[in-house]
Amino acid sequence: MSALFAVSLTLAVGGGLAQARNATDADAASRLPEKPPSAPSTGQRFTPNTMMDPITPEARRKVLQSSLAQSALSLRELINLMTYKVEAQPGLSWDEVITSMKLRANKINLKFIGAHLVHKEIEAITGKPTPRVEIYHFCDALLARELLDYSLEFAILLPCRIAVVEDAQQKIWLTMLDWDVSSTDAAPNRNKLPDSLYQAASRLRKGLEEIIQAGANGAL
């Protein structure tokens, strides 16, 4: 689940949110959509399954550049900050890791809906071997619908993804975007996920972590 939480974490680390609150009206306006939102940002009223007004590329670029300029972290460190990852136990084969992931997903009723074998595509294009990279997609359709009703922009984070990768030492890693919703608890804007949706998203995050742990340990 990608860009939304990635941007949120980047802004939090870089101090962009604090700067935005203290900016002049003119500066703040340059970072907002060209059209005002249909409801106040501090309110809870909204029409389900609707898109907010787009943010211009220039406005988005200004926010990201501002926050990155204030961060002491490198880009690699920021990406690492947004990542949940576990190294597979030594001796486990690739197939054992994947089998364990799928079995655990089935056990906790999280549907496996497909995989993208990235390394196969690279090898087919280049004709050269490359470290293995496979991305596995999982879905809780009912929760997805709830998230989309809350914010249709959540579509960019769906379905949930777990990547299995081989590093330069041939070690196997399982990794995902660490989209822990509790990281939003400190946000000053009180317009947050409804409690029931917050709890459901938290359970989904724990389920994905359980799948990763099962794969990393070869648990059946």
Side-chain angles (χ1 to χ4, degrees), residues 1-13 44 48-49 77-90 92 94-116 118 133-167 171-220:
M1 294 194 153
S2 51
L4 182 60
F5 285 95
V7 170
S8 298
L9 282 171
T10 300
L11 292 175
V13 172
Q44 293 291 338
N49 193 41
E77 289 169 332
L78 284 170
I79 295 172
N80 189 43
L81 178 67
M82 296 183 288
T83 303
Y84 176 81
K85 56 188 172 183
V86 178
E87 181 184 346
Q89 291 293 323
L92 284 177
W94 191 277
D95 289 343
E96 287 171 330
V97 169
I98 302 306
T99 297
S100 295
M101 285 175 54
K102 291 179 178 179
L103 288 173
R104 186 53 56 93
N106 185 63
K107 182 177 181 180
I108 63 176
N109 296 317
L110 193 55
K111 187 175 182 180
F112 168 64
I113 59 173
H116 182 193
V118 181
V133 181
E134 298 181 1
I135 302 174
Y136 289 82
H137 306 275
F138 300 89
C139 184
D140 179 330
L142 295 180
L143 176 55
R145 182 67 267 169
E146 289 186 68
L147 289 169
L148 293 171
D149 283 343
Y150 176 76
S151 172
L152 196 52
E153 288 79 7
F154 260 107
I156 66 172
L157 306 177
L158 301 175
C160 303
R161 302 175 185 94
I162 295 176
V164 184
V165 301
E166 177 187 40
D167 71 9
K171 296 177 181 178
I172 301 173
W173 291 85
L174 299 89
T175 181
M176 69 175 180
L177 178 71
D178 196 359
W179 58 285
D180 187 349
V181 291
S182 66
S183 62
T184 65
D185 289 348
N189 191 325
R190 304 309 299 173
N191 186 358
K192 299 180 180 179
L193 286 173
D195 288 342
S196 60
L197 189 52
Y198 181 100
Q199 295 301 326
S202 296
R203 287 194 300 272
L204 176 59
R205 163 61 173 72
K206 290 178 181 178
L208 292 168
E209 182 178 340
E210 186 176 339
I211 292 172
I212 286 179
Q213 291 290 344
N217 294 309
L220 301 178

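Since the model is a prediction, treat every value here as computed from it, not as a measurement.
In this structure, E146 has no salt bridge (charged side-chain N to carboxylate O under 4.0 Å, His left out) partners at least two apart in sequence or on a different chain. Residues meeting the salt bridge (charged side-chain N to carboxylate O under 4.0 Å, His left out) test with R104, sequence neighbours left out: E210. Every residue two or more places apart in sequence or in another chain that forms a side-chain hydrogen bond (donor to acceptor under 3.5 Å, both in side chains) with S182 is listed here: D180. Remark: V86 engages Y84, I212, Q213, A216 in a side-chain contact (heavy atoms from CB on, under 4.5 Å) (not counting sequence neighbours). Remark: E134 engages W94, R132, Y136 in a side-chain hydrogen bond (donor to acceptor under 3.5 Å, both in side chains) (not counting sequence neighbours). In this structure, the salt bridge (charged side-chain N to carboxylate O under 4.0 Å, His left out) partners of D149, at least two apart in sequence or on a different chain, are R145. In this structure, the side-chain hydrogen bond (donor to acceptor under 3.5 Å, both in side chains) partners of K85, at least two apart in sequence or on a different chain, are N80. In terms of the side-chain contact (heavy atoms from CB on, under 4.5 Å) criterion, residue partners of L142 (sequence neighbours excluded) are, by chain and number, D140. In this structure K171 satisfies the side-chain contact (heavy atoms from CB on, under 4.5 Å) test together with E87, D167, Q169, W173, sequence neighbours excluded. When the side-chain contact (heavy atoms from CB on, under 4.5 Å) test is applied to A144, the partners found at least two apart in sequence or on another chain are L158. Partners of Q199 according to the side-chain hydrogen bond (donor to acceptor under 3.5 Å, both in side chains) rule, which considers only residues two or more places apart in sequence or in another chain, do not exist here.
Atom CE in M176 sits 14.5 Å away from atom CD1 in I135 (nearest 0.5 Å). The CG atom of L148 sits 9.5 Å away from the CG atom of L143 when rounded to the nearest 0.5 Å. How far CD of E77 is from CG of L81: 9.5 Å, rounded to the nearest 0.5 Å.
Nearest heavy-atom pair, F138 versus I113, reported as atom, atom and distance to 0.1 Å: N-CG1, 4.2 Å. The minimum heavy-atom distance linking A88 with V97 is given by the pair CB-CG2, 4.0 Å.
M101 has its side chain out of reach of F112: every pair of non-hydrogen atoms, C-beta onward, lies at least 4.5 Å apart. Looking at W179 and L204, their side chains come closer than 4.5 Å, going by heavy atoms from C-beta outward. L92 places none of its side-chain heavy atoms less than 4.5 Å from the side chain of I172.
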L208 and R161: CA distance, side-chain angles, deciding distance, side chain to side chain contact (heavy atoms under 4.5 Å, CB included) verdict: CA-CA 9 Å; L208 292 168; R161 302 175 185 94; over 6 Å; no

Pair L220-S100, side chain to side chain contact (heavy atoms under 4.5 Å, CB included): steps then yes or no: CA-CA 6 Å; L220 301 178; S100 295; 3.8 Å; yes

Test log, rule side chain to side chain contact (heavy atoms under 4.5 Å, CB included), inputs I108 and I211: CA-CA 9 Å; I108 63 176; I211 292 172; 4.0 Å; yes

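Legend: salt bridge (Lys or Arg N to Asp or Glu O under 4.0 Å) pairs involving residues 194-204, not counting sequence neighbours: none detected.
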